[in-house]
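Beneath this line is the structure, given in structure tokens, with notes to follow.
All values reported here derive from a predicted model rather than from experimental measurement. Chain identifiers are assigned alphabetically (A, B, ...) following the order of the sequence lines, protein sequences preceding nucleic acid strands; residue numbering begins at 1 within each chain.
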Amino acid sequence: MFGERTALPVNDAISGFFDFYQGYCVPIFKDNIKKNEQKPVQTFYITRMETRYNHKEIESKWLKNWDEQKNFKPASDANPAAKGQEHFSVVIPPPNVTGALHLGHALNNTIQDILIRYNRKLGKNTLWIPGTDHAGIATQAVVEKRLLQDEKKTRHDLGREELVKRIWKWKDEYEARITSQLKLLGSSCDWDRQRFTLDPICAKAVRYAFFNLFKKGLIYRGKRLVNWDTHLHTAVADDEIYHETVKGHFWTFKYPLADGSGYIPVATTRPETILGDTAVAVHPEDERYKKFIGKTLLVPFVNREIPVIADAILVDMEFGTGSVKVTPAHDPNDYATGLRHNLPMLNILNEDGSLNENAGEFKGLKGEKARAAVVEGLEKSGLLLKVEDHEMQVGKSDRSKTIIEPYLSDQWFLKMDKLAERAMQAVENGEVKFTPARYAKNYLNWLGEKRDWCISRQLWWGHQIPIWHVENSQLSTLNSQLKKHFATRSDIHFYQAENGDWLVCSLEKDLQENEIEGLKLVRDHDVLDTWFSSALWPHSTMGWPEQTDLLDTFYPTSVLVTARDIISLWVARMVIFSQENMGKIPFDNVYINPTILDGLGRRMSKSLGNGVDPLDIIEKYGADALRFVMCSMCTENQEARLPVKKEILEDGREINVSEKFEIGRNFGNKLWNAARFLSSYIVESGELRVESCANLEDKWVLSRLNTVIRQIQIALQNYRFSEYAAIIYHFVWDDLCSRYLEIKKGDISKESGSLLSHSLYTVLDLLHPIMPFITEELNSILFPNSQRVILRQWPKANEDLINAEIEKQFEDVFAIVEAVRSVRGRYSIAPAQKIAAVARTPANLENCKNMIADLSGLSSFEFGGNLNKPAFSASVVIPDGELFIPLEGILDREKEAARLKKEIEKAESFATSLEKKLSNENFVKNAPAAVIDGERQKLATQKDIAEKSKVALKELGII
RNA sequence: GGACAAUUAGCUCAGUUGGUUUAGAGCGCUGCCUUCACACGGCAGAGGUCACAAGUUCAAAUCUUGUAUUGUCCACCA
């Protein structure tokens, strides 16, 4: 058993006395000693570790463990005293229940979890509230689409109640999937506090927010031009529209004067809207048309009289005929013109997009048919002047993919001017900080427009507007009747709208149709825009309008992590609603994470088939690997590309993967194996006895470790996630494994065991926020008596141990090692074959002689200030000296000469440029002394290299 | 049209206030090594006039302006 290198499988059953034998940990069984007489010696739990890190079982094990131990819950849940301490809270940007999570979500939630885990380890009272969004129009559209596919039915076949029931079913299914995905990712959310934007708690917040705004007169109802989806029969937001370039025509026709004295030529891309014209506009300074201003025209087909108006905003004299037909009810610019000139707004469309009775003979026609019929009519009556081809942009609905019609309809609006102003101030005065800072501009620009927000949607899925219309609004006694009935009700507010309707808003209780005798109350059919409930998210999830403990302890939240495309839609509105409802901002910081694109710079989407499913990646590479790569991708850039490739699994399923995730998996495996190797040498719980670290390499690794702790802290404070990942990666791989472990592996003493344990222990802490599973697992194997990584204290940098001099000295030593290895490489000398080396240097290398010999496979190593160059040796310039490697029999003079020549050339050209720089008077006069010194030193080094290489070259000839 | 970005090795990207960077990392590539933690590994190496042009400066991948290409968001095109 002695000398067997594998870690010994020691478990509870055979734990006992241990000893070290040639560096291996060995159990000593002394059966004749009674158990209670055995002295309490350090107990080892050495588990047999696989040569490869196997993420699957380990991940599920720790998910279960953390959950059982309630580690994701805030400290104040178990210990009310913790309420007083500093808090760190985050609310999740609630994913839409339209579908499963994609890689963008994985990135977003990884970042949140990193921040949560880091702050939890800092000892703060930490809460992350998870949840999902009902995503009104998107979800309803998905369910309707499926309904049509599977059952060939429309929502009207089902009715409102049944459709909503179906959507709830869909929601349950996808909410469960989303939750499970988030859990598998390792998200340490407080799952008991999961919310849904349509659940009773959020619904209550919506009712209160709406009621308050309504009472303040900030919510109003009005006829406005909206983007109308003729397929879904609903208004859609500007941002739910995309534009497509289509080939159309530009028709020019005669607009006849009412007195028959002539016509104005007018051009249009949408001739069917002629039927809704209420004016023709010309530029006030247009000599061609000045004389027509104020005259009356006749609308073709319907013979309505309309005026010729002058408008310098709408009309561009250079474009088309220089005259514009004005259709206020069906075009945004014309609508604005209509408002300026007080023109009638004539609606010519039905909800389904067909022409209504205002269109006269064309009534009932729709879309292209209506257009063709009108054009034909114009042609027949001799009014058509010409037809040109014309490319134009057509707005289409994101959801139904059908053409959007600007449409005049009754909608609910929120007055934005004052609310927006206040929300802008929060960012302008630095209360809310964006990272990266440039995104603040995005926010301010959008709010600066102060457009009223259309908050109603003609959908069935969502928060139904808590307004009841009084049907008998013509009754003159209505006002007093309402007043009388609701006299004692502070939860009711009502008023008469601009169109004469009486509107009653109820705070909590739904009103009955026959609530007031003789009157009929009908609830508004519309639901609220999804973003209305999302805007309340930070405080609705914590129970507002109730005065909850949660709000007390965790509001405002610490940071919002989200994507840049919803800065205006969501971030801005949360600030507005939080200021309005809570009287404070909802979060101190907004971190905008990059958008993930595929290798060709395209967004990932179902239709392109380039999406990567996080679950596939977790399955193949592990959650830690996924998280590590997500973290590495988080730079200040606004996008991050991920080359995607197809892969066919054993079960025949085709999935998208990316080689990038190998970095994360390999890194985990590297750490795993370092730990596996060290598992035999772990002697204590990671505590460090600094006094035992006397060697150069010990001091060096301690210095590096503490530097890394400091660097990571700075990176995390500044949301520099990719930097964080890179720092810990290189420390583990290069410093700890490639260098320190390689130095120590031949002979691990108790002291170095202690330092190695300490380093590894600290690495587990530092890496935990990114890779929670493997760190927790390794900790349980190596340090079974310590507290779990998730909860224990984040390491503090010990500045006293950071030593730049030692780090420099160590680099010089490694330059020697690398010089020898380089010669080995050049001559293909097998690693097993020992060679000799001689260093001519004034430096005292006594304390690292063995280290150098070990790492570069030397049979002998001499050093000294006056040593001669051995015959037949290769020479390499090292810091402060030269290194010679005798290679009798294999030395290739040509090869050496070529290399030396190249080296000389390089050093001399560098030296020349440095000399030039240093001889520049202005440089010497202006540059800081440190820079000049640096350049002088560089010059000396280069000259030294050139000089020594020249000597070596010369010597080659005389061997 | 406006705003915001990007352009650095074959690919994906770092490079924080201009000077220890004639430029780093990972993958890929070449050669050697299955050495008792790890081949998801080790060692060595090749590979870049930092998109282009002008300017500021003693000094520019880094700052300014312009050009080209690409992307995202916003607005809009009778």
Open item on the list: Just to be sure I follow the notation: if a pair is Watson-Crick (purine N1 to pyrimidine N3 plus N6-O4 or O6-N4) or a G-U wobble (N1-O2 and O6-N3), each under 3.5 Å, what dot-bracket string does RNA chain B give, with | for pairs to another strand?
Closed with: (((((((..((((.....[....)))).(((((.......))))).....(((((..]....))))))))))))....

Which protein N or O atoms sit under 3.5 Å from an N or O of nucleotides 54-63 of chain B?
residue, atom, partner, partner atom, Å
B/rC58, O2', A/Asn920, ND2, 2.9

So which protein nitrogen or oxygen atoms get under 3.5 Å of nucleotides 2-11 of chain B's nitrogens or oxygens?
residue, atom, partner, partner atom, Å
B/rA3, O3', A/Lys441, NZ, 3.3
B/rC4, OP1, A/Lys441, NZ, 2.3
B/rA5, O2', A/Gln638, NE2, 3.3

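What separates CG of A/Leu444 from P of B/rC74 is a distance of 17 Å, to the nearest Å. Rounded to a whole Å, the NZ atom of A/Lys906 is 13 Å from the C1' atom of B/rA46. What separates CE of A/Met630 from C1' of B/rU12 is a distance of 13 Å, to the nearest Å. In this structure, A/Glu723 atom CD and B/rG24 atom C1' are separated by 13 Å, rounded to whole Å. If you take OH of A/Tyr827 and C1' of B/rC33, they are 20 Å apart, rounded to a whole angstrom. The CD1 atom of A/Ile835 sits 16 Å away from the P atom of B/rC33 (whole-angstrom rounding). We find that CG of A/Asn227 is positioned 13 Å from P of B/rC74, with the value rounded to whole Å. Summarising the geometry, the separation between CZ on A/Arg899 and C1' on B/rA46 is reported as 16 Å, rounded to the nearest angstrom.
Aromatic pair A/Phe667/A/Tyr53: ring centres not closer than 6.0 Å.
Remark: A/Tyr724 engages no residue in a ring pair (Phe, Tyr, Trp, His ring centres under 6.0 Å) (not counting sequence neighbours). With sequence neighbours left out, A/Lys670 forms a salt bridge (charged side-chain N to carboxylate O under 4.0 Å, His left out) with no residue at all. Looking at residues two or more places apart in sequence or on another chain, you find no ring pair (Phe, Tyr, Trp, His ring centres under 6.0 Å) involving A/Phe731. Listed by chain and number, the residues in a side-chain contact (heavy atoms from CB on, under 4.5 Å) with A/Pro265 are A/Thr252, A/Tyr263, A/Tyr289, A/Thr321, A/Leu385 (sequence neighbours excluded).
Nucleotides B/rA60 and B/rU49, compared at atom C1', are 14 Å apart to the nearest Å. Nucleotides B/rU21 and B/rC33 are separated by 32 Å at their C1' atoms, to the nearest Å. Atom name C1', nucleotides B/rG47 and B/rC4: the rounded distance is 34 Å, in whole Å. Comparing the C1' positions of B/rU12 and B/rU7 gives a spacing of 14 Å, expressed to the nearest Å. Annotation: B/rU8 and B/rU69 have their C1' atoms spaced 16 Å apart (nearest Å). Taking the P atoms as reference points, B/rC73 lies 25 Å from B/rG66, given to the whole Å. Here, B/rU57 and B/rU64 have their P atoms 16 Å apart, quoted to the whole Å. On the P atoms, B/rG24 is 13 Å away from B/rG48, given to the nearest whole Å.
Identified under the side-chain hydrogen bond (donor to acceptor under 3.5 Å, both in side chains) test for residues 733-742 of chain A, with sequence neighbours left out: A/Asp698-A/Tyr740, A/Arg704-A/Asp735, A/His730-A/Asp734, A/Arg739-A/Glu811, A/Glu742-A/Lys745. Sorted by first and then second residue, the side-chain hydrogen bond (donor to acceptor under 3.5 Å, both in side chains) pairs with a member in residues 921-932 of chain A form an empty list; sequence neighbours excluded. Here salt bridge (charged side-chain N to carboxylate O under 4.0 Å, His left out) pairs that include residues 713-732 of chain A, with residues two or more places apart or in two chains, are A/Arg720-A/Glu723. Identified under the salt bridge (charged side-chain N to carboxylate O under 4.0 Å, His left out) test for residues 628-645 of chain A, with sequence neighbours left out: A/Lys645-A/Glu659.
Among the atoms of the strands shown, only primed sugar atoms or phosphate atoms (P, OP1, OP2) are found under 4.0 Å from some heavy atom of A/Thr635. Across all strands shown, A/Ala675 has no heavy atoms under 4.0 Å from either base or sugar-phosphate atoms. Using a 4.0 Å heavy-atom cutoff across all strands shown, A/Lys925 reaches no nucleic acid atom at all.
Looking at A/Arg564, its side chain has no donor and acceptor atom pair within 3.5 Å of the base of B/rU72.
The environment of A/Glu905 atom CD is sparse: at most 12 non-hydrogen atoms of other residues, nucleotides or ligands sit within 6.0 angstrom. Within a 6.0 Å radius of NZ in A/Lys450, other residues, nucleotides and ligands contribute more than 12 heavy atoms. Within a 6.0 Å radius of CD in A/Gln937, no more than 12 heavy atoms belonging to other residues, nucleotides or ligands are found.
Here the side chains of A/Leu918 and A/Arg936 are in contact, with some heavy-atom distance below 4.5 Å.
With A/His249 contributing its side chain and A/Val387 its backbone, the two residues share no donor-acceptor pair below 3.5 Å. For A/Asn673 (side chain) and A/Asn669 (main-chain N/O), a donor-acceptor pair under 3.5 Å exists by modelled atom type. For A/Thr268 (side chain) and A/Arg270 (main-chain N/O), a donor-acceptor pair under 3.5 Å exists by modelled atom type.
The residue among A/Glu449 and A/Ser909 whose nearest nucleotide of RNA chain B lies closer to the 5′ end is A/Ser909. Residue whose closest nucleotide on RNA chain B sits further toward the 5' end, between A/Phe250 and A/Asp565: A/Asp565.
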Task: Per-nucleotide protein contact string for nucleotides 38-45 of chain B, where B marks a base within reach and S marks sugar-phosphate only (heavy atoms under 4.0 Å, - for neither) - done: B-BSSSSS

